[in-house]
**Student:** 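Just dropping this structure here.
Lettering follows sequence order; numbering is per chain, from 1. All values reported here derive from a predicted model rather than from experimental measurement.
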There are 2 protein chains.
Amino acid sequence: MLAYAGDMVEKKSDRTRAAILAAARERFGADGYERATIRAIAADAAIDPAMVMRYYGSKEKLFAAAAEFDIRLPDFGDVPLESLGEVLARHFLERWEADDSLRVLLRTAVTNEVAVERMRGIFAAQLAPTLRVQAVDQPDVRAGLVASQVLGFALCRYILGFPPIATMPDDEVVAWLGPTLARYLTAPAPSQV
Amino acid sequence: MLAYAGDMVEKKSDRTRAAILAAARERFGADGYERATIRAIAADAAIDPAMVMRYYGSKEKLFAAAAEFDIRLPDFGDVPLESLGEVLARHFLERWEADDSLRVLLRTAVTNEVAVERMRGIFAAQLAPTLRVQAVDQPDVRAGLVASQVLGFALCRYILGFPPIATMPDDEVVAWLGPTLARYLTAPAPSQV
DNA sequence: CTTGAAAGTCAACAGGTGTTGACAAAGGGA
DNA sequence: TCCCTTTGTCAACACCTGTTGACTTTCAAG
């Protein structure tokens, strides 16, 4: 079957597999989970809808595959807390512009529980531990606040397309959001009543 | 037909009309536009699905009616700019907890263009002019930034249910978000490159 | 009571959905 | 060459969707 046993040979099916995944990401990101139909995804990938089922089993599994990507945060252990806000703002902005995986997640998280869990994995399960390393108090709360601003900005910029936000230059975004995130990371927690 | 001509008498149909609208708001808010089916809404209202069509014409028109509500911001003309952030934070928090209309809008805005436009009406078309009264520079940008933080927080709290954000006491929310909004309203705009 | 409009019920339509299974074309190993 | 795995195609399934039209019930005005 394969040229050399034990070698990693790309089979013909891998190409269509990848084509399906690419089309799925685009459709899920553009239309959301419910409106992105398997037939439309298959049409974009120029294959038969039955192939999608053969390779991914079901729509849910296809979505799970499309929403799976490496979101490992870089090691911020040596970044001083005061500048971490700006660093985070720039990092998320770059990630968001780079590929549409995050957009897929944001658009689908509103109705799809899998997407919510994966989104939570980024902030609660990745950012919070990073903050813990920096010995911040209430890391979960601070990670949640960072998430609220980052996701809210992404929502306005990429999904809703609010005019001044969607067209704002990257440097200006960092200049606005950086201090906000920095405050969420460094400001003393408000005294609770 | 009616007791007194010219009198405003509540017909029997008005009660079912209202029941449909209430059920629609709940379903749209809980499931989003696509997953909220007319049959489910009708079942909640304990009426026939055909009645929904008779009274609202179509699903889109029903949604438009469900997403229509008074979101007029109070007059913030005499609130000093420095405390406007905290006032805005508390105001939006109260509005969001009060009725689920805003939640309907947020959940559906991701896939429904009507909801996006209505959401924009709140921030761009209402908040920005209010800021203009206060003679702030770049009112549209600042209104957009406020929207990004308010919507992002609502997203994490009511839609995604991120643990520390969803359970945060109201006063603490205001303490965290107030200064952020205040900075978006008062801080000098970052110099653009 | 009679009449007729309003309010509600029922069954069906046309179209779209995810999903399945039977079948046909490659395409290389023996 | 034959054979068998892989890859792809086709048509259909069962179900659900918004929407429609014909029908019956309710009920107050005449």
Side-chain angles (χ1 to χ4, degrees), chain A residues 1-24 27-28 30-67 108 111-115, chain B residues 1-25 27-28 30-67 108 111-114:
Chain A
M1 179 214 301
L2 303 180
Y4 294 91
D7 232 1
M8 213 51 161
V9 181
E10 69 167 75
K11 305 161 66 176
K12 195 160 266 179
S13 67
D14 291 349
R15 298 207 62 175
T16 54
R17 248 189 139 86
I20 294 173
L21 207 70
R27 281 282 174 181
F28 280 132
D31 302 339
Y33 183 79
E34 345 281 342
R35 299 175 64 163
T37 72
I38 286 198
R39 281 174 168 85
I41 293 171
D44 286 4
I47 50 129
D48 194 277
M51 288 284 91
V52 179
M53 307 306 297
R54 182 185 283 289
Y55 285 136
Y56 289 95
S58 71
K59 186 182 182 181
E60 268 202 42
K61 289 181 189 167
L62 171 63
F63 173 77
T108 52
T111 49
N112 190 293
E113 200 58 33
V114 174
Chain B
M1 179 216 301
L2 302 180
Y4 294 92
D7 234 0
M8 213 52 162
V9 181
E10 69 168 74
K11 305 163 67 176
K12 194 160 266 178
S13 66
D14 291 349
R15 298 206 62 176
T16 54
R17 250 190 136 85
I20 294 173
L21 208 68
R25 269 199 252 265
R27 281 283 175 180
F28 280 133
D31 302 339
Y33 182 80
E34 345 280 344
R35 299 176 64 164
T37 71
I38 287 199
R39 281 174 167 86
I41 293 171
D44 287 3
I47 50 129
D48 194 277
M51 287 283 92
V52 179
M53 307 306 297
R54 182 187 284 288
Y55 285 136
Y56 290 95
S58 71
K59 186 182 183 182
E60 267 201 44
K61 288 180 190 169
L62 171 63
F63 172 76
T108 51
T111 48
N112 191 294
E113 200 58 33
V114 174

**Student:** How long is the straight-line distance from CZ of B/Phe63 back to CZ of B/Arg25, given to the nearest 0.5 Å?
**Tutor:**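 If I round to the nearest 0.5 Å, the distance is 11.0 Å.
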**Student:** Give one of base, sugar-phosphate or nothing for A/Tyr56, where a contact means two heavy atoms less than 4.0 Å apart.
**Tutor:**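 Touches nothing.
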**Student:** Nearest 0.5 angstrom please: A/Ile20 CD1 to A/Leu62 CG, how far?
**Tutor:**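 These two atoms lie 7.5 Å from each other.
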**Student:** Could you tell me the separation between the NZ atom of A/Lys61 and the CE atom of A/Met53, rounded to the nearest 0.5 Å?
**Tutor:**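 Going from the NZ atom of A/Lys61 to the CE atom of A/Met53 covers 8.5 Å.
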**Student:** Figure out the CE/C1' separation between A/Met51 and C/dA22, and round it to whole Å.
**Tutor:**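 The answer, rounded to whole Å, is 13 Å.
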**Student:** Once you round it to whole Å, what is the distance between C1' of C/dA7 and CD1 of B/Ile20?
**Tutor:**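 These atoms are roughly 11 Å apart.
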**Student:** Taking only N/O atoms, report every protein-nucleotides 19-23 of chain D pair under 3.5 Å with atom names and distance.
**Tutor:**
from   : atom 1 : to      : atom 2 : distance (Å)
D/dT19 : OP2    : B/Lys59 : N      : 2.8

**Student:** Between P on D/dT17 and CG on B/Leu62, what's the gap in Å once rounded to a whole number?
**Tutor:**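 From B/Leu62 CG to D/dT17 P: 15 Å.
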**Student:** In whole angstroms, how far is the P atom of D/dC16 from the CZ atom of B/Arg35?
**Tutor:**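 One finds 14 Å between P of D/dC16 and CZ of B/Arg35, rounded.
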**Student:** Mind telling me whether A/Phe28 and A/Tyr33 have parallel, tilted or perpendicular rings, with 30° and 60° as the class edges?
**Tutor:** parallel
**Student:** How long is the gap from CG on B/Asp48 to CZ on B/Arg39, to the nearest 0.5 Å?
**Tutor:**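 Result: 9.5 Å between the selected atoms.
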**Student:** Quickly work out the B/Ile47 CD1 to C/dT9 P distance and round it to whole Å.
**Tutor:** 8 Å
**Student:** Send over the distance from B/Glu34 CD to C/dG16 P, rounded to a whole Å.
**Tutor:**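 Those two atoms, CD and P, are 16 Å apart.
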**Student:** For the CZ atom of B/Arg54 and the OG1 atom of B/Thr16, what is their distance to the nearest 0.5 Å?
**Tutor:**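 It is 10.5 Å, given to the nearest 0.5 Å.
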**Student:** Roughly how many Å is it from CZ in B/Arg15 to C1' in D/dT26, rounded to a whole number?
**Tutor:** 17 Å
**Student:** Please determine if a side-chain N or O atom of A/Thr37 lies less than 4.0 Å away from the OP1 or OP2 oxygen of C/dG16.
**Tutor:** no
